[in-house]
Q: 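Please see the structure below; I have some questions.
All heavy atoms count here, side chains included; hydrogens, waters and symmetry mates do not. Every chain is numbered from 1 and lettered A, B, ... according to where its sequence line falls, protein lines coming before strand lines.
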Amino acid sequence: MAQISLTLPDGNARQYNAGITAGEVAADISKSLGKKAISATVNGAHVDLAWPIEEDADIAIHTMADEEQANELVRHDLAHIMARAVQEIWPDTKVTIGPVIKDGWYYDFDRTESFTPEDLATIEKKMKEIINKRDEVRTEVWDRARAIKHYQDNDEPYKVELIEAIPGDEPLRMYWHGDWQDLCRGPHLQHTGQVPGDAFKLMSIAGAYWRGDSDRAMLQRIYGVAFTGKEKLKAHLNMLEEAAKRDHRKLGREMDLFHMQEEAPGQVFWHPNGWTVYTELQDYMRRKQRAAGYVEVNTPQVVDRKLWEASGHWDKYQEHMFIVEVDEDHAREKAVNALKPMNCPCHVQIFNQGMKSYRDLPLRMAEFGSCNRYEPSGALHGIMRVRGFTQDDGHIFCREDQIEAECAAFIDYLASVYKDLGFEKFEIMFATRPEKRVGTEESWDHVENALENAIRAAGHPYTLDAGEGAFYGPKLDFKLTDAIGREWQCGTFQVDPNLPERLGASYIGEDGSKHRPYMLHRACLGSFERFIGMLIENSAGKLPFWLAPRQVVVASITSEADEYVLEVVETLKAEGVRAEADMRNEKINYKVREHSVGKVPVILAVGGREVEEKTVSVRRLGQKQTSVQALSAVAQELAVEATPPDLRA
RNA sequence: GCUGUAGUAGCUCAGUGGUAGAGCGCGUCAUUGGUAAUGACGAGGUCGGGAGUUCAAUCCUCCCCUACAGCACCA
């Protein structure tokens with residue numbers, strides 16, 4: 001029998017007969033490792049302990065202490081165990097697929113009856129029984145024909161389809177958890193008892209399309225989360241609770257920022273507090289973009305379909321546009337209009353007015369553009385995904401040789417804005433040509449190269465997101481990570497050779513003849529609505545002082561201080577601080593609680609002593625201790641904090 | 001849009017085939033207090049909309065709207 005050499009992570013090599021399994025290697029290294037081992041990585045591939053190794057390889061044996069591998073195995077085995085539990089309880093259920101995802105797994109089932117939330121407890125109970133049985137996990141390699149026959153005989157049509165879709169004719173791996181069998185790539189644990197029975201939880205049931213295709217059957221998906229230990233599960237559930245507390249819809253109500261109602265689905269009624277945040281942010285962005293060399297414009301809301309036909313949007317997005325037709329009795333002539341779903345075609349109209357010279361380029365045009373899109377009802381989510389929104393939109397008309405510098409300048413601009421708003425780090429995704437696209441391959445090659453060179457030149461790391469570009473051109477997407485680790489795509493930078501062509505934009509070059517400009521679409525916040533929603537969730541409502549809608553409440557402790565309360569408020573207002581008086585006949589405890597719930601960053605309490613001494617008792621949101629300070633000093637300090645970051649000395 | 005769940009007072013929610021209840025909030029009065037809820041009293045709802053079954057519907061059935069979770073979508 002041939003000898004092979006297996007190299008351990010510490011560099012030591014051991015000799016074995018070819019065909020030895022990783023489990024046997026583990027047991028050979030030490031008895032305890034043999035017991036604790038759960039899987040192995042062989043030449044970079046994560047495999048079962050029962051997997052035979054036929055040639056020289058690097059090998060690492062994993063135990064439950066190897067978080068990454070252990071989580072994968074636990075979640076993967078739980079997917080199988082759950083599917084087995086479901087089929088044991090409801091034998092007429094058809095199985096499909098059940099992959100591992102972040103924090104857990106899901107499994108999609110086809111069953112006539114709907115699962116109910118109560119069913120989850122039943123399934124969980126059954127799963128624990130299976131785990132307690134410590135059933136062996138077996139694997140066999142079958143050829144395709146046998147596997148297909150097996151699933152046909154067992155009336156599992158989805159599995160048949162899956163096998164038929166696997167390219168090539170390599171043999172398939174079949175796994176058994178006890179008597180229950182599934183087609184699977186592996187790897188798995190050795191027996192069901194290795195899965196921690198107290199570190200998983202079934203979370204929810206939802207519909208999901210078979211193979212992610214909305215034209216195909218709707219299956220029932222059950223989601224679960226799982227970890228290697230129950231403390232980790234607990235920590236995860238706490239995190240979810242924490243996230244729920246930050247929900248912008250809840251905070252939006254508690255802080256009296258905005259509301260939404262049935263009569264205007266997907267549109268925001270901004271209340272005074274929320275609108276203060278909005279306008280404060282908009283004022284900031286206006287200063288920033290002016291400083292970055294943009295000219296600001298404004299364009300119509302209701303635009304004839306002819307323009308959308310010319311731009312190509314009518315064809316592609318008609319169903320997602322609000323169509324506006326004036327009543328025939330009133331209209332002088334019949335016209336079909338659409339609420340603008342985007343600003344780009346309108347900006348080209350401005351560009352097209354008069355002759356442009358190469359000397360005018362790059363022309364950076366910005367608009368706080370209000371757009372309306374008829375988003376599918378299921379897509380709406382608070383103020384994060386709405387039907388009426390305002391983008392911090394901008395289009396740069398430029399020559400090809402200017403793309404690189406404009407891209408670099410935009411990344412600087414965006415980094416500076418994000419930093420001011422409390423996000424030090426962001427990620428760049430480089431999205432390339434999608435399947436459905438316009439333009440020639442040469443043009444795509446060209447523009448993708450130009451954009452990639454531009455990011456490289458900007459010296460920022462990026463991740464390739466192949467096939468995710470816009471239909472007209474490649475793009476960069478900018479992702480922020482919030483305080484509890486969630487990612488948000490906000491900024492974008494897109495190169496578009498298509499729209500200037502379609503809408504006939506041109507400039508006169510140095511050579512005296514007409515040329516096509518490139519159009520760069522870019523946004524930093526994305527939309528004010530979404531970004532504010534994200535800011536609320538990121539800060540759990542504790543917005544930075546300069547953005548906080550109610551910055552200071554001056555609360556009287558006794559009515560004797562009322563006059564002084566007003567004086568303090570006036571002093572602060574004169575310093576540009578948003579201050580208000582609370583002289584209600586309530587106890588100070590009550591006022592402190594109410595304004596704390598309302599996320600007011602600073603409460604200044606004043607009673608007899610403060611009136612005497614011209615001081616205020618300062619209480620910062622979230623802090624228990626207070627400090628008594630001179631009014632003048634506090635006013636100066638708060639004036640600095642109230643200044644937007646770009647205006648600070 | 002699809003699957004599922006839900007909609008009762010401003011908010012959070014209980015409840016019932018015989019036209020509704022709590023806590024908070026709101027109003028009035030008393031209370032003048034020292035950093036996350038002072039007390040008493042009071043007002044407030046055609047039970048999401050429409051149709052049907054029934055002597056009788058907030059409750060049962062059907063349709064619609066909206067929200068929530070996920071999927072699909074996101075110029």
Side-chain angles (χ1 to χ4, degrees), chain A residues 106 108 113-117 203-223 247 249-250 253-254 256 259-266 308 311-321 340-345 371 373-382 384-387 389 391 393 434 468-473 475 489 492 494 496 498-499 521 526-527 530 555-562 583-598 603-610 617-628:
Chain A
Y106 67 76
D108 288 346
E113 307 267 295
S114 293
F115 291 115
T116 66
M203 301 298 286
S204 58
I205 310 151
Y209 296 110
W210 169 233
R211 315 210 93 192
D213 184 343
S214 58
D215 293 328
R216 306 204 58 179
M218 178 61 77
L219 306 170
Q220 297 188 67
R221 175 172 299 178
I222 301 180
Y223 283 93
D247 191 310
R249 294 164 296 192
K250 181 172 174 282
R253 192 170 48 243
E254 288 172 2
D256 196 13
H259 85 271
M260 305 178 86
Q261 63 186 51
E262 290 193 19
E263 287 78 1
W308 308 115
S311 70
H313 292 102
W314 187 265
D315 214 29
K316 198 165 159 57
Y317 292 110
Q318 196 190 140
E319 277 153 36
H320 299 288
M321 286 161 79
K340 79 172 165 187
M342 56 182 343
N343 309 296
C344 339
C371 298
R373 294 179 186 174
Y374 191 75
E375 300 286 6
S377 53
L380 303 178
H381 178 84
M384 299 283 205
R385 183 89 182 267
V386 285
R387 287 185 176 154
F389 57 94
Q391 299 173 314
D393 204 2
E468 292 299 313
F471 72 92
Y472 47 74
K475 62 177 182 175
Q489 196 248 300
T492 186
Q494 313 177 355
D496 182 4
N498 176 56
L499 201 59
H521 308 252
S527 88
R530 181 179 151 84
S556 58
I557 295 171
T558 71
S559 57
E560 282 166 22
D562 283 1
M583 300 182 293
R584 290 173 305 169
N585 177 12
E586 296 293 349
K587 290 194 171 179
I588 191 64
N589 293 334
Y590 181 89
K591 295 182 183 182
V592 165
R593 181 187 141 80
E594 186 180 286
H595 298 124
S596 297
V597 169
I603 298 170
L604 301 181
V606 299
R609 292 204 293 276
E610 287 77 10
S617 165
V618 184
R619 188 188 208 280
R620 295 266 176 179
L621 181 58
Q623 292 179 10
K624 272 229 143 53
Q625 70 277 36
T626 59
S627 68
V628 178

Q: What I want to check is whether an N or O donor and acceptor connect the side chain of A/R373 with the base of B/rC74 at under 3.5 Å.
A: no
Q: Ignoring the backbone of A/A379, work out which of B/rA75, B/rU66, B/rA72 is nearest its side chain.
A: B/rA72
Q: For A/Y317, give me all partners under ring pair (Phe, Tyr, Trp, His ring centres under 6.0 Å), at least two apart in sequence or on another chain.
A: none
Q: Both A/Q261 and A/E560 contact RNA chain B. Taking the nearest nucleotide for each, which residue is further toward the 5' end?
A: A/E560
Q: So which nucleotide from B/rC73, B/rG4, B/rA36 ends up closest to the side chain of A/N589?
A: B/rA36
Q: Taking the same atom, P, in B/rC47 and in B/rA20, what whole-Å distance lies between them?
A: 10 Å
Q: Side chain of A/A208, heavy atoms from C-beta onward: which of B/rC71, B/rG34, B/rA75 has the nearest atom to it?
A: B/rC71
Q: Report the stems of RNA chain B as range-with-range entries sorted by first number; a stem here is at least three consecutive pairs, Watson-Crick or G-U wobble, both distances under 3.5 Å, and write none if there are none.
A: B:1-7 with B:65-71, B:10-13 with B:21-24, B:26-30 with B:38-42, B:48-52 with B:60-64
Q: Just N and O in the side chain of A/R249: are any of them under 4.0 Å from OP1 or OP2 of B/rC68?
A: yes
Q: With A/H381, which residues qualify under ring pair (Phe, Tyr, Trp, His ring centres under 6.0 Å), at least two apart?
A: A/H248
Q: Using the P atom in both, what is the distance from B/rG21 to B/rA9, to the nearest Å?
A: 14 Å
Q: Would you please determine if the base of B/rG70 is stacked by A/Y223, with stacking meaning a centroid separation under 5.5 angstrom and planes under 30 degrees?
A: no
Q: I'd like the C1' distance from B/rG45 over to B/rG15, given in whole Å.
A: 14 Å
Q: Choose from B/rG34, B/rA36, B/rA75 the nucleotide whose nearest atom is closest to any side-chain atom of A/L621.
A: B/rA36
Q: Checking A/D108 now: which residues fulfil side-chain hydrogen bond (donor to acceptor under 3.5 Å, both in side chains) with it, not counting sequence neighbours?
A: A/R221
Q: Using a cut-off of 4.0 Å on non-hydrogen atoms, how would the nucleic acid contact of A/E610 be classed: base, sugar-phosphate, or nothing?
A: base
Q: Does a side-chain N or O of A/H381 approach OP1 or OP2 of B/rC74 to a distance below 4.0 Å, or not?
A: no
Q: Taking OP1 and OP2 of B/rG33, is either one under 4.0 Å from a side-chain nitrogen or oxygen of A/T558?
A: no
Q: Under 4.5 Å between any side-chain heavy atoms of A/V386 and A/M260, yes or no?
A: yes
Q: Find the distance between CD (A/E113) and CD (A/Q220) and round it off to the nearest 0.5 Å.
A: 9.0 Å
Q: Measure from the side-chain heavy atoms of A/L380 and tell me the nearest of B/rG33, B/rA67, B/rG1.
A: B/rA67
Q: Specify the separation, in whole Å, of atom CE of A/M384 and atom C1' of B/rC68.
A: 15 Å
Q: Could you give the NE2-to-C1' distance, from A/H521 to B/rA75, as a whole number of Å?
A: 9 Å
Q: Quote, to the nearest angstrom, the P distance that separates B/rA57 from B/rG39.
A: 42 Å
Q: Using the test side chain to side chain contact (heavy atoms under 4.5 Å, CB included), find all partners of A/D213 that sit at least two apart in sequence or belong to another chain.
A: A/D215, A/R216
Q: By the 4.0 Å heavy-atom rule, please label A/G469 as base, sugar-phosphate, or nothing.
A: nothing
Q: Can you check whether A/P345 reaches A/K340 side chain to side chain, under 4.5 Å on heavy atoms?
A: no
Q: Does some side-chain heavy atom of A/I205 sit less than 4.5 Å from a side-chain heavy atom of A/S114?
A: no
Q: Quick one: list whatever passes side-chain hydrogen bond (donor to acceptor under 3.5 Å, both in side chains) with A/K591, sequence neighbours left out.
A: A/S556
Q: For A/S214, enumerate each residue passing the side chain to side chain contact (heavy atoms under 4.5 Å, CB included) test, keeping only those at least two apart in sequence or located in another chain.
A: A/Y209
Q: Pick the C1' atom in B/rG7 and in B/rG50, then give their distance to the nearest Å.
A: 16 Å
Q: With sequence neighbours excluded, tell me which residues meet side chain to side chain contact (heavy atoms under 4.5 Å, CB included) with A/Q261.
A: A/H259, A/E263, A/F269
Q: Does a side-chain N or O of A/R619 approach OP1 or OP2 of B/rA36 to a distance below 4.0 Å, or not?
A: yes
Q: Considering every strand and a 4.0 Å limit on heavy-atom distances, what is the contact class for A/K316: base, sugar-phosphate, or nothing?
A: nothing
Q: Reckon A/F115 touches a base, only the sugar-phosphate, or nothing at all at heavy-atom distances under 4.0 Å?
A: nothing
Q: Which letters describe nucleotides 22-27 of chain B, given B = protein heavy atom under 4.0 Å from base, S = only from sugar-phosphate, - = neither?
A: ---SS-
Q: Got a donor-acceptor pair under 3.5 Å from the side chain of A/Y209 to the base of B/rG70?
A: no
Q: Could you measure between the two C1' atoms, the one in B/rG49 and the one in B/rC65, and give it in whole Å?
A: 7 Å
Q: Specify the separation, in whole Å, of atom NZ of A/K250 and atom C1' of B/rA67.
A: 18 Å
Q: Taking side chain to side chain contact (heavy atoms under 4.5 Å, CB included) as the definition, give me every residue that meets it alongside A/S377, ordered by chain and number, with sequence neighbours left out.
A: A/R387
Q: Quick check on contacts: within residues 212-222 of chain A, what sits under 4.0 Å from RNA chain B by heavy-atom distance?
A: A/G212, A/S214, A/M218, A/R221
Q: Using a 4.0 Å heavy-atom cut-off across all strands, classify A/I588 as base, sugar-phosphate, or nothing.
A: sugar-phosphate
Q: Quick check: on RNA chain B, is the nucleotide nearest A/S596 upstream (toward 5') of the one nearest A/S114, or the reverse? Name the residue that is more 5'.
A: A/S114
Q: Can you tell me, in whole Å, how much space there is between the P of B/rC26 and that of B/rA69?
A: 29 Å
Q: Checking only heavy atoms, does the side chain of A/E319 share a donor-acceptor pair with the base of B/rG1 at less than 3.5 Å?
A: no
Q: May I have the distance from A/E262 (atom CD) to B/rC68 (atom P), rounded to whole angstrom?
A: 12 Å
Q: Taking side-chain hydrogen bond (donor to acceptor under 3.5 Å, both in side chains) as the definition, give me every residue that meets it alongside A/E375, ordered by chain and number, with sequence neighbours left out.
A: A/R385
Q: Taking all atoms of both residues into account, what is the closest heavy-atom pair of A/Q391 and A/C371, and its distance?
A: OE1-SG, 3.8 Å
Q: Using a 4.0 Å heavy-atom cut-off across all strands, classify A/P265 as base, sugar-phosphate, or nothing.
A: sugar-phosphate
Q: Taking any heavy-atom pair under 4.0 Å as a contact, classify A/R253: base, sugar-phosphate, or nothing.
A: sugar-phosphate
